[in-house]
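One structure is given here, and the rest of the page talks about it.
As a basis for the values below, the full set of heavy atoms in this structure was taken, side chains included, without hydrogen atoms, waters or symmetry mates.
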Amino acid sequence: MIQQSAVDLRRRSTELKKRAPTTADKATVEIVALMFQAILAEERIPFSARVWFARLQMPVLRVAIAEPEFFGTLQHPARMLIDRMGSCVMGFDAAAISGSALENEIKRVVQVIEQYPETGQRVFKLVFDEFVAFLNRYLTQSDTAQRVMSVAQQVEQKETMAIQYTIELRKMLNDMPVRDEIREFLFKVWAEVLAIAALRYGGQDEQTVTLKRAASELVWAASAKPSRTDRARVIQDLPQLLQRLRQGMALLGIVGEPQEAYIKTIGATLSDAFMLKTEAIPQAKIEAMAERLAHLEDFVSDSGGDADLPLDATNIELLLGVDASTIEVVADTAGARATEDMLAWANELQVGTWFMLDHNDRVSQVQFVWRSDRKQLHLFASADGRSFLIQAGRLASYLQAGLLVPAEEETLTVRATREALAKLDANPERLLN
């Protein structure tokens with residue numbers, strides 16, 4: 001079929017060259033014909049897909065004659081479509097493509113273009129957008145991908161909430177006389193507790209509300225207690241407060257000796273509060289803090305901002321209660337810092353593109369299948385079922401270090417054009433003959 005398609009396309013190209021009114025049109029016909037010869041000869045494109053690529057030659061030729069910028073930019077919709085389809089299918093073997101939803105979508109795209117031959121690049125732009133939307137669904141439809149995506153989104157959401165909860169807690173305590181030990185506990189531990197509770201149970205669930213209230217109760221308990229009544233109240237409420245603190249820390253997996261160390265520090269701080277002669281925190285401020293904490297989600301935006309996302313691979317199962325055994329988490333490291341260009345490249349990777357990933361001295365062919373809403377996490381899948389969840393900074397570092405390399409150095413149309421021009425350089429007479 002491919003050989004017959006090549007013969008038919010060459011015959012039609014020859015006829016079109018004879019009828020072409022200008023020398024420029026004849027040259028365009030020849031260059032497009034040579035481009036598609038190169039595409040049909042690309043053995044990494046499965047046979048069944050190559051047949052559909054071949055049927056794009058005539059629609060592309062019409063566009064190339066009408067729009068000379070087709071040769072001048074990679075952003076022309078016709079080239080973008082061919083490049084995206086090519087980069088996606090070249091990683092699959094023939095058996096994986098034949099009869100698949102991906103092959104059916106390529107078939108549909110080509111047939112739509114053939115139905116509207118006079119619309120130029122508009123129809124290419126339309127089907128390109130539809131193809132990209134299809135890829136986003138198709139590459140993430142497996143149970144494994146769905147599970148990894150769910151985990152990744154939750155991790156990103158939890159960490160973003162924790163960062164912004166910390167910011168809000170800092171604002172609340174900005175003008176309050178609160179001991180450094182309590183501030184550090186609230187910022188480093190309790191913000192995480194509130195984030196994971198809000199994610200698991202919901203921001204207004206009774207369990208989450210109780211943990212929010214514990215923060216304001218702790219601030220009040222650790223402040224100066226010149227009044228005998230206040231001291232009696234602290235002593236009465238302390239067992240319940242400590243129990244809530246323990247429950248919250250248990251959510252984060254802080255148990256045993258680490259938990260006891262925090263409790264000991266808090267207990268010592270509360271004891272010191274009985275001896276303080278400074279002015280007590282007004283009850284109105286404590287109540288205002290409690291009210292703001294109760295509606296903390298109202299102050300958390302959807303944007304993660306520029307804050308670092310502290311992803312800890314070992315805690316995914318503990319924090320979210322899910323099986324993360326199929327996920328290879330490649331988190332950011334403190335020392336690695338990629339350039340801005342590499343970070344920009346990481347954010348521009350196209351879904352469906354294949355790469356060679358060198359991770360822990362093992363090279364795998366992987367396909368980029370998904371990026372999280374805040375562009376902090378990127379998911380790559382290998383043919384053997386493994387998933388690589390790579391954080392944005394680490395991804396940029398891998399690109400910079402050559403540990404993540406595109407499987408194809410050139411796009412399909414660039415390579416095809418280069419091969420076509422090489423033939424014309426060697427045999428320039430064919431442009432007009």
Side-chain angles (χ1 to χ4, degrees), residues 158 161-201 203-300:
K158 192 275 290 185
M161 290 174 68
I163 290 167
Q164 297 192 330
Y165 281 0
T166 303
I167 293 171
E168 289 303 317
L169 283 169
R170 288 184 185 278
K171 290 179 182 176
M172 293 180 206
L173 301 181
N174 188 44
D175 59 350
M176 290 188 186
V178 180
R179 290 275 295 271
D180 290 342
E181 295 87 347
I182 300 300
R183 287 179 184 272
E184 184 176 358
F185 176 78
L186 290 173
F187 299 156
K188 293 186 177 180
V189 177
W190 211 247
E192 294 265 349
V193 169
L194 296 183
I196 197 64
L199 188 62
R200 280 195 183 182
Y201 313 126
Q204 296 305 312
D205 182 86
E206 183 179 352
Q207 297 177 76
T208 307
V209 170
T210 298
L211 294 172
K212 288 177 178 178
R213 195 181 304 121
S216 57
E217 292 173 352
L218 177 60
V219 170
W220 180 80
S223 64
K225 294 291 174 293
S227 164
R228 180 177 297 179
T229 303
D230 287 345
R231 290 198 291 268
R233 178 183 159 192
V234 170
I235 293 171
Q236 180 181 344
D237 295 343
L238 184 58
Q240 190 175 24
L241 174 59
L242 293 179
Q243 182 183 5
R244 290 174 181 171
L245 297 179
R246 289 183 184 277
Q247 289 172 347
M249 285 188 282
L251 277 178
L252 295 182
I254 300 176
V255 295
E257 290 186 11
Q259 184 183 107
E260 292 305 321
Y262 279 116
I263 293 296
K264 182 178 179 180
T265 300
I266 291 170
T269 305
L270 297 183
S271 297
D272 291 345
F274 278 61
M275 317 295 263
L276 293 175
K277 302 300 183 182
T278 57
E279 184 178 351
I281 298 176
Q283 187 62 32
K285 278 197 171 185
I286 297 296
E287 291 174 359
M289 178 181 178
E291 177 66 20
R292 190 175 177 90
L293 280 168
H295 301 281
L296 198 54
E297 289 71 31
D298 298 341
F299 307 99
V300 176

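Here the straight-line distance linking atom OG1 of Thr265 with atom CD of Glu181 works out to 7.5 Å at 0.5 Å rounding. The line from CD1 of Ile266 to OG of Ser271 is 12.0 Å long, rounded to the nearest 0.5 Å. Considering CG of Leu194 and CG of Leu251, their distance stands at 10.0 Å, rounded to 0.5 Å. Atom CD1 of residue Ile263 and atom CG of residue Leu242 lie 5.0 Å apart, to the nearest 0.5 angstrom. Atom CH2 of Trp220 is separated from atom CD1 of Ile182 by 13.5 Å, given to the nearest 0.5 angstrom.
With sequence neighbours left out, the ring-ring contact (aromatic ring centres under 6.0 Å, His included) criterion links Phe185 to Trp190, Tyr262.
For Ala195 against Ala162, the heavy-atom pair with the smallest separation is CB-N, 3.6 Å. Residues Leu270 and Leu238 share a closest heavy-atom pair of CD1-CD1, 3.3 Å. Ala198 and Met161 get closest at one heavy-atom pair: CB-CE, 3.4 Å. The nearest pair of heavy atoms linking Leu241 to Glu217 is CD1-OE1, 3.9 Å. Summarising the geometry of Thr208 relative to Ala197, their closest heavy-atom pair is OG1-O, 3.2 Å, with the distance given to 0.1 Å. Of all heavy-atom pairs between Val234 and Ala221, the closest is CG2-CA, 4.3 Å.
Counting heavy atoms from C-beta on, the side chains of Lys171 and Glu168 come closer than 4.5 Å. For the pair Glu192/Ile196, no side-chain contact is recorded, criterion being any heavy-atom separation below 4.5 Å from C-beta on. Under the 4.5 Å side-chain criterion, counting only non-hydrogen atoms from C-beta, Leu211 is not in contact with Gln207. Taking 4.5 Å as the limit, every side-chain heavy atom of Val255 sits out of range of all side-chain heavy atoms of Met249.
The neighbour count for Gln240 CD, taken as heavy atoms of other residues, nucleotides or ligands under 6.0 Å away, does not exceed 12.
At a threshold of 4.0 Å, the pair Glu184-Arg179 does not count as salt-bridged, since none of the basic side-chain nitrogens sits closer than that to a carboxylate oxygen.
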Worksheet item: Step by step, would you call Arg246 with Glu260 a side-chain contact (heavy atoms from CB on, under 4.5 Å)?
Response: CA-CA 9 Å; Arg246 289 183 184 277; Glu260 292 305 321; 2.6 Å; yes

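Each of Thr166, Leu173, Ile167 was compared with Arg170 under the side chain to side chain contact (heavy atoms under 4.5 Å, CB included) criterion, and only Thr166 meets it.
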